[in-house]
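Quick caveat: nothing in here was measured; it's all calculated off a predicted structure. Residue indices begin at 1 and follow the sequence shown. Every number for a ligand or one of its atoms is a count from 1 in the order of the listing.
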Amino acid sequence: MPKSLSSDVRKKLETLRNRFRDKTIGDIQGLVTNIQNASQRSEAVNELVAAYQLLHRLAGSAGTLGFTQLGEQARKLEVAIKPLAEQVTEGADSECIRLQLQQLLDGGYEHDISSLGSFLGVAEPVSAQWHNPKRAEADRQSVVLTLEPDHQLNDLIMQGLALYGYQVRSLSSGEQWPDGMNDVDLVMIRDTLLQNEGEIWLSKLHSLPVICFSSTHDFITRYRLARLGVDACVDEPHDIPALVDRVEQLLAEGLATLTGRVMIVDDDKELLEHYRLVLSSGGLQVRALDDPSRLLSELADFRPDILLMDVQMGQYDGPVLARMLRFQSEWLSLPIIFFSSEEDRDLQLDVLARGGDDFVTKPVSDQFLVRTARIRCYRARQLDKLVSLDSLTGLLKHALAKTELNREHARCARYGHSSVVAMLDLDHFKQVNDSYGHGTGDVVIKALSNLLRHRLRSTDIIGRYGGEEFVLVMPECVMNEAVEILEALCQDFARLVFNAESAEFSVTFSAGVAALNAYETGEQAIEAADKALYQRKRAGRNGVTVAAGDLS
Ligand code: GH3
Ligand code: MG
């Protein structure tokens, strides 16, 4: 749903704008003096450099802060004076520069400079809006709305989804979209309901993800559904594990494209604060830094998805900082995007060659800033995931799960809290593969990982340890609690019905648990949980066993 800026953010943006206006009035007075001095005395021509730098800064920042006309005029004046400022830095003859300036001023530049301040009276209203589609907050039960005319099928879907911890609501066809449905996260709808009046229906769904139940495969129908905004088509909604898999993907994607961690570095304090406000109100986590010399320590502390940086920051040069960051392998893949008012494409390419990834040309509109940051954060995390997440289940890969486990072990030692580690393994899984094929086996593995992801806390660590073996770390959790949670999961997983070759079957899993904090190393805790798991296997599977050392 398009969401306007909250009045609090709007007020802050207005305050910033006023601060910029006040400061710029003084800056422009200084600019006029600089130009006058340079035009009157050849010893003062070096003041042209300060004048050029100010115009360059205004051209980059004024538009972003709402003074588009001022920014455009400053750009025009900047371009005109640039050759003279360059002559000054190259040490050309002062008197010759002074005469050229005089000529420029006589040709109308003097009038333009003195009337620059009048553009401070023309600002766009603070009214940026950006799309903030609904997002399921972490740890809140996701709400799914179903519109399926077949009552029996609808009941089956509702019960199946409830097992995974979704809250499910239903609406029958013809029923109006009731008030108070603002918490719905995803909609499932039968294709027949999308005929004729269906278009009106979908318009009510705003930007919610939509799964359509449809067994029609022809191009025209599918194209029409895609045009209506349907995100996924499912043939057989009674296959609950497959359906949940789709739901999980869509919800995770929706959430992921809206969140991200952005670090911004700019020495212009107003501009920096403006970027920070805009990005945070767009739902991103932001760390703003006006002192580039703290870049390395802040990066290590904040670990952003992307880094946005100005090209010129006082004594520091953005591209040089980018190159310096690449000295450390840890930051080799961090996307670095420069804010630049440079229109010189060659210079931009040069900067890219020195370690940057892309440019955003100043002035940057609020909407563009939020959208570009979201997309780039999402892409960056997708790439990161390819490296660290298991492709079948989306869970942490073995090595990363172990690293996280060791980190939690260290935290337990430092803060003295209790955490639990669990090893899980599917029971008689070889038989599943042998009877129904490897593909069906994969569906079962995915179903268990979805169940775990959905039912455990977002702070829990879930890894695919081996083929059909999983590792869990439950931080700040006592043993009784962990056993209770895992036993409930065992029972619910056993109730899931899988479909293959017109046969229905169920699968169970076993778990072994150990108190992470009770062992000297994370490795020893894993071994203890693994032993407990095999005790469980011998004791009849489908349940949870606590490591022997932890029972006392
Ligand atoms: P137990 O209850 O004692 O754990 O018996 P089990 O049959 O589950 O154990 P076993 O270790 O004999 O078999 C595990 C099977 O899991 C063998 C292997 O082919 C299968 N497997 C491992 N990784 C995957 C995978 O990614 N997909 C599929 N479909 N099967 C896998
Ligand atoms: Mg097994």
Contact residues of ligand 1, where a non-hydrogen atom lies under 4.0 Å away
D425, L426, D427, H428, F429, K430, N433, H438, G441, D442, I445, R464, G467, E468, K537, R541
Is any side-chain heavy atom of N406 less than 4.5 Å from a side-chain heavy atom of T403?
no
Less than 4.0 angstrom from a charged side-chain N to a carboxylate O is my criterion; do K446 and D442 meet it?
no
Ring of F509, cation from R541 - is the NZ or CZ under 6.0 Å from the centre and inside 45° of the axis?
no
Determine, for R246 against D231, whether the closest basic-nitrogen to carboxylate-oxygen distance falls under 4.0 angstrom.
no
If you measure from the Lys or Arg side-chain nitrogens to the Asp or Glu carboxylate oxygens, is any gap between D425 and R536 under 4.0 Å?
no
Assess the pair Y465 and F470: is the distance between their ring centroids shorter than 6.0 Å?
no
Near the Mg ion (ligand 2), meaning under 2.8 Å, the protein N/O/S atoms are D425 OD1, L426 O, E468 OE1
Carboxylate-amine/guanidinium proximity below 4.0 Å for E468 and K430
no
Quick one: sort the Y275 and F339 rings into parallel, tilted or perpendicular, breaks at 30° and 60°.
parallel
Using the ring of each side chain (for Trp, its six-membered ring), is Y166 parallel, tilted or perpendicular to Y164, with breaks at 30° and 60°?
tilted
